[in-house]
Visitor: 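Sending over a structure as structure tokens; questions will come in a sec.
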Amino acid sequence: MKKSIRNAGVPLLSALMIAGQMTILPAPAQAASISMLAGHWSMVLHGNTGCGSHSMFVTFKLNTSGNGTATIDNHSTGCATATTTGNPISITSLGNNGQGTAGLSCGVGCGWEFKIQVSSDYDQIILADVNPDNPLNTPTGVAIRQFP
């Protein structure tokens, strides 16, 4: 007398598949970290400043503390086109959801305070100066990580 074992593996296979599905869970969200922004960046900013309508291309390098220096190539309706170097830039706060604040100086008595949103892969930052203490400054833009 032969016993059929042809279907004997189906319940075992089903149990393994169910167990496998139960153990596949999404990875916990990684808390945002300023140190993850270290590296070289390029940023475009546009908006009103003390020089009127202003367009800027900014390159900068951040260290693991979120501080660095920037080169600003700018053009505006009210000031001469210029390139300035050594401008301090810093990420001053970053929450777990990627929102935070940043500052960029453009010289003595010149600078912007930005609200920022960092992308979940740490490769992009959107910025907007919404500081009500300086209502004539409205630059907004995006920064992207440069190729390694």
Visitor: On a heavy-atom basis, which atom in Gln117 and which in Gln99 lie closest, and how many Å separate them?
Guide: OE1-CG, 2.7 Å
Visitor: Determine the minimum heavy-atom distance between Gly98 and Ala32, stating which atoms define it.
Guide: N-CB, 4.1 Å
Visitor: Compare all side-chain heavy atoms of Leu104 with those of Met43 and state whether any distance is below 4.5 angstrom.
Guide: yes
Visitor: Roughly how far, to the nearest 0.5 Å, is the CG atom of Asp129 from the OG1 atom of Thr138?
Guide: 7.5 Å
Visitor: Rounded at 0.5 Å granularity, tell me how far OG in Ser65 sits from CD1 in Ile91.
Guide: 11.5 Å
Visitor: Which distance, rounded to the nearest 0.5 Å, do you find between the NZ of Lys61 and the CG of Asn67?
Guide: 13.0 Å
Visitor: Could you tell me whether the side chain of Arg145 and the main chain of Ile125 form a donor-acceptor pair under 3.5 Å?
Guide: no
Visitor: Do Asn131 and Asn137 touch side chain to side chain, with heavy atoms closer than 4.5 Å?
Guide: no
Visitor: Are any non-hydrogen side-chain atoms of Leu94 and Leu37 less than 4.5 angstrom apart?
Guide: yes
Visitor: Mark yes or no for whether Thr92, through its side chain, and Thr101, through its backbone, hold a donor-acceptor pair below 3.5 Å.
Guide: yes
Visitor: Taking C-beta and beyond as the side chain, do Thr69 and Thr85 meet within less than 4.5 Å on heavy atoms?
Guide: no
Visitor: Out of curiosity, Met56 CE to Thr84 OG1, how far, rounded to the nearest 0.5 Å?
Guide: 10.0 Å
Visitor: Could you grab the distance from atom CG of Asn74 to atom SG of Cys106, nearest 0.5 Å is fine?
Guide: 8.5 Å
Visitor: Looking only at heavy atoms, which two atoms of Ser76 and Cys79 are closest? And how far apart?
Guide: OG-N, 3.0 Å
Visitor: Any chance NE2 of His75 has more than 12 other-residue heavy atoms, nucleotides or ligands included, within less than 6.0 Å?
Guide: no
Visitor: Contact between Ile89 and Trp41 at the side-chain level, heavy atoms closer than 4.5 Å - yes or no?
Guide: no
Visitor: Could you walk me through whether Thr83 and Thr71 satisfy the side-chain contact (heavy atoms from CB on, under 4.5 Å) test, starting with their C-alpha distance in whole Å, then the side-chain angles of each, then the deciding distance to 0.1 Å, before giving a yes or no?
Guide: CA-CA 7 Å; Thr83 298; Thr71 297; 3.8 Å; yes
Visitor: Can you check whether Gln146 reaches Thr59 side chain to side chain, under 4.5 Å on heavy atoms?
Guide: yes
Visitor: Rounded to the nearest 0.5 Å, what's the gap from CG on Leu127 to NZ on Lys115? Could you check?
Guide: 13.0 Å
Visitor: Tell me whether Ile34 shares a hydrophobic cluster with Met36, the cluster being built from Ile, Leu, Val, Met, Phe, Trp, Tyr side chains joined at under 4.5 Å.
Guide: yes
Visitor: Between Leu45 and Pro139, which heavy-atom pair has the shortest distance, and what is it?
Guide: CB-CB, 4.5 Å
Visitor: For the residue pair Ala70 and Val58, what are the closest heavy atoms and their distance?
Guide: CB-CG1, 3.8 Å
Visitor: Does any non-hydrogen side-chain atom of Ser53 lie less than 4.5 Å from one of His46?
Guide: yes
Visitor: Decide whether Tyr122 and Phe60 are clustered together by the hydrophobic rule: side chain heavy atoms of Ile, Leu, Val, Met, Phe, Trp, Tyr closer than 4.5 Å, transitively.
Guide: yes
Visitor: Classify the ring geometry of Trp112 against His54: parallel below 30°, tilted from 30° to 60°, perpendicular beyond 60°.
Guide: perpendicular
